[in-house]
Amino acid sequence: MTAVLAHSHGAPTGSPPERFTSRNPDDFPIPSTAQEDWRFTPLARIRAFFEPFEPDGVIDGDQSVPAGASVEVVDPSGLAAFGTALTPADRVSALAMANAKRGLHVTVDAGAELAEPIVLYRKGISGRSYTHHVVEVGANAKATLVIDHRGLIQVAANIEFIVGDGASLSVVAVNAADEGSVQLSSYAALVGRDASYRHTNITIGGSLVRIVPTVRFAGPGGQAELLGVSFAGDAQHFESRLFVDHGAPNCTSNVLYKNALLGESARTVWIGDVRIRPTATGTQTYEMNRNLLLSDGARADSVPNLEIETGDIAGAGHASTTGRFDDLQLFYLQSRGIPEDEARRLVVRGFFADVVERIGVPDLQRQIMTAIEARLGFTPELETSE
């Protein structure tokens, strides 16, 4: 098993270079492992996404939309909000933005407090797709959005979140696709004054999942929380590349991503970049990545980066840990009569619990924990009711 950790704190002199973004795919070179953004990615498995393709994806969709919200199928390029939160940071995202002719426009009325989550269910059947969704949450609204991906999926996707002043949006993205699936997704949020945004990414399926979540603040007082859970098995590559851009004063960001790896070819990558600009006085930020290696040969790469360009902040820090089971914890459980397999299940469940419990959708939380336990070979007894 392998764990790789790197980190940086600021630049030795001057300001760091700007993160390159562009809507034009030709502004980006063909990805190679010589490029920092792609050096951990198994490029041979996704080369078909590096040039434009004719979408032929077949996807079944369903949705649940409570009062106070709406969901429409649109040509995203025709929306006024198109590109408000997201400018592509890599070639695949730029190709998706240029070529996606269908997407969803999700809106939440200003002042609405949704009684139930908005649920978007997508099951891939065949083929490859581009998609670009735009989510707009009105001022002082409160909403939860669940995006659930299943089936056989081959997709390059962009999703924008525009969170109005004083609004609250919790997003849960569930990646539980079949073997052979490839998901290359960029999520971008623009968080308004005194607004809050939580993005929880759950990856338990698919062969290659690469997500790029970004957050920017449109005004002071914003809060962002980025959470992640992944469980990688043999031949699965799960990669998360986060960027939190603090440019407004008195904003807060917290990042917590947890990965478990079971299988000698299991692989996870976590890159956490946080930038605090000179204008972002009073910033409070912390990021943590924890990796649990459950078998020999598994590899977790973890690279937190923190760039601070002002001395007037409330606090900033990061941490990353990678390790095996805690043998003492296992011994403690077994000494109390708990079989080894059950003890391991309890340790893994405890490892993920604090993230899963923050989702706030009890049925979904149970589904996720059941799926994690199934990866460990544990099948819960069926509940009975009288």
Practice item. Any chance you could lay out the side-chain contact (heavy atoms from CB on, under 4.5 Å) test for Asp27 and Phe20, step after step, and finish with the verdict? Key: CA-CA 10 Å; Asp27 287 343; Phe20 182 76; 3.9 Å; yes
What are the two closest non-hydrogen atoms of [X] and [Y], and how far apart are they?
X      : Y      : answer
Ala266 : Leu261 : O-CD2, 3.7 Å
Gly164 : Ala195 : O-CB, 3.3 Å
Ser230 : Thr268 : OG-CG2, 4.0 Å
Ala85  : Glu160 : N-OE1, 2.8 Å
Phe49  : Leu95  : O-CD1, 3.4 Å
Val108 : Ala141 : CG1-CB, 3.8 Å

According to the interplanar angle, ranging from 0 to 90°, do the rings of [X] and [Y] count as parallel (below 30°), tilted (30 to 60°) or perpendicular (above 60°)?
X      : Y      : value
Tyr197 : His199 : tilted
Tyr187 : Phe161 : parallel
His246 : Phe217 : parallel

With no hydrogens and no angle check, just 3.5 Å: does a side-chain donor-acceptor pair link [X] and [Y]?
X      : Y      : answer
Asn201 : Asn175 : yes
Thr310 : Thr281 : no
Asn24  : Ser22  : no
Thr144 : Ser170 : no
Thr41  : Glu239 : yes
Ser207 : Ser181 : no

Carboxylate-amine/guanidinium contact [X] [Y], below 4.0 Å:
X      : Y      : result
Glu54  : Arg128 : no
Glu51  : Arg91  : yes
Asp62  : Lys123 : no
Arg198 : Glu225 : yes

Indicate yes or no: at least one non-hydrogen side-chain atom of [X] is less than 4.5 angstrom from one of [Y].
X      : Y      : result
Asp37  : Arg241 : yes
Phe352 : Leu292 : no
Glu136 : Thr84  : no
Thr283 : Asn250 : no
Asn259 : Asn289 : yes
Val106 : Val134 : no
Gln183 : Gln154 : no
Val174 : Val172 : yes

If only atom types and distance count, is the side chain of [X] paired as donor or acceptor with the main-chain N or O of [Y] below 3.5 Å?
X      : Y      : answer
Gln35  : Ile30  : yes
Ser93  : Ala89  : no
Arg375 : Ile204 : yes
Gln365 : Gly360 : yes
Arg345 : Leu376 : no
Arg122 : Asp60  : no

Q) Would Thr21 and Thr87 satisfy side-chain hydrogen bond (donor to acceptor under 3.5 Å, both in side chains), going step by step from the backbone distance to the final call? A) CA-CA 6 Å; Thr21 59; Thr87 303; 4.9 Å; no
Is NZ or CZ of Arg210 both nearer than 6.0 Å to the six-membered ring centre of Trp38 and within 45° of the ring axis?
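Judged by the rule (NZ or CZ under 6.0 Å from the ring centre, within 45° of its axis), Arg210 counts as positioned above Trp38.
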Option among Glu373, Glu357, Glu342 that satisfies the salt bridge (charged side-chain N to carboxylate O under 4.0 Å, His left out) test with Arg349: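 Option passing the salt bridge (charged side-chain N to carboxylate O under 4.0 Å, His left out) with Arg349: Glu373.
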_With salt bridge (charged side-chain N to carboxylate O under 4.0 Å, His left out) as the test, pick out the partner of Asp245 among Arg277, Arg275, Arg216._
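When Arg277, Arg275, Arg216 are each tested with Asp245, the salt bridge (charged side-chain N to carboxylate O under 4.0 Å, His left out) holds only for Arg277.
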Are more than 12 heavy atoms, taken from residues, nucleotides or ligands other than Arg102, located less than 6.0 Å from that residue's CZ atom?
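Counting other residues, nucleotides and ligands, CZ of Arg102 stays at 12 neighbours or fewer.
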Taking [Y] as the starting point, is it possible to reach [X] by hopping between hydrophobic residues whose side chains are less than 4.5 Å apart?
X      : Y      : value
Ile118 : Ile159 : yes
Leu346 : Val348 : yes
Leu86  : Ile162 : yes
Phe28  : Phe50  : no
Ile338 : Val347 : yes

Starting from the C-alpha separation in whole Å, work towards a yes-or-no answer on side-chain contact (heavy atoms from CB on, under 4.5 Å) for Glu179 and Gln236. CA-CA 9 Å; Glu179 182 180 353; Gln236 289 183 309; over 6 Å; no
- Task: Would you please indicate if the ring centroids of Phe82 and His132 are separated by under 6.0 Å?
- Result: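 Ring centres of His132 and Phe82 closer than 6.0 Å.
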Item to check | Close aromatic pair by centroid cut-off 6.0 Å: Phe53 and Tyr130 | outcome: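 Yes, ring centres under 6.0 Å apart.
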In Å and rounded to the nearest 0.5 Å, what is the [atom1] to [atom2] distance from [X] to [Y]?
X      : Y      : atom1 : atom2 : value
Thr285 : Ile313 : OG1   : CD1   : 8.5 Å
Ser168 : Glu113 : OG    : CD    : 9.0 Å
Asp194 : Asp165 : CG    : CG    : 7.5 Å

Open item on the list: Using the rule given for side-chain contact (heavy atoms from CB on, under 4.5 Å), can you reason through Asp234 versus Glu264, listing the C-alpha separation, both sets of side-chain angles and the distance that settles it, and then say yes or no?
Closed with: CA-CA 6 Å; Asp234 270 327; Glu264 64 179 15; 4.0 Å; yes
**OP:** Could you check Leu145 against Ile147 for side-chain contact (heavy atoms from CB on, under 4.5 Å), going step by step and ending with a plain yes or no?
**Re:** CA-CA 7 Å; Leu145 170 63; Ile147 307 170; 4.0 Å; yes
Does the pair Asp354 and Lys258 meet the rule for a salt bridge (charged side-chain N to carboxylate O under 4.0 Å, His left out), with working shown? CA-CA 10 Å; Asp354 63 332; Lys258 293 189 174 184; 2.7 Å; yes
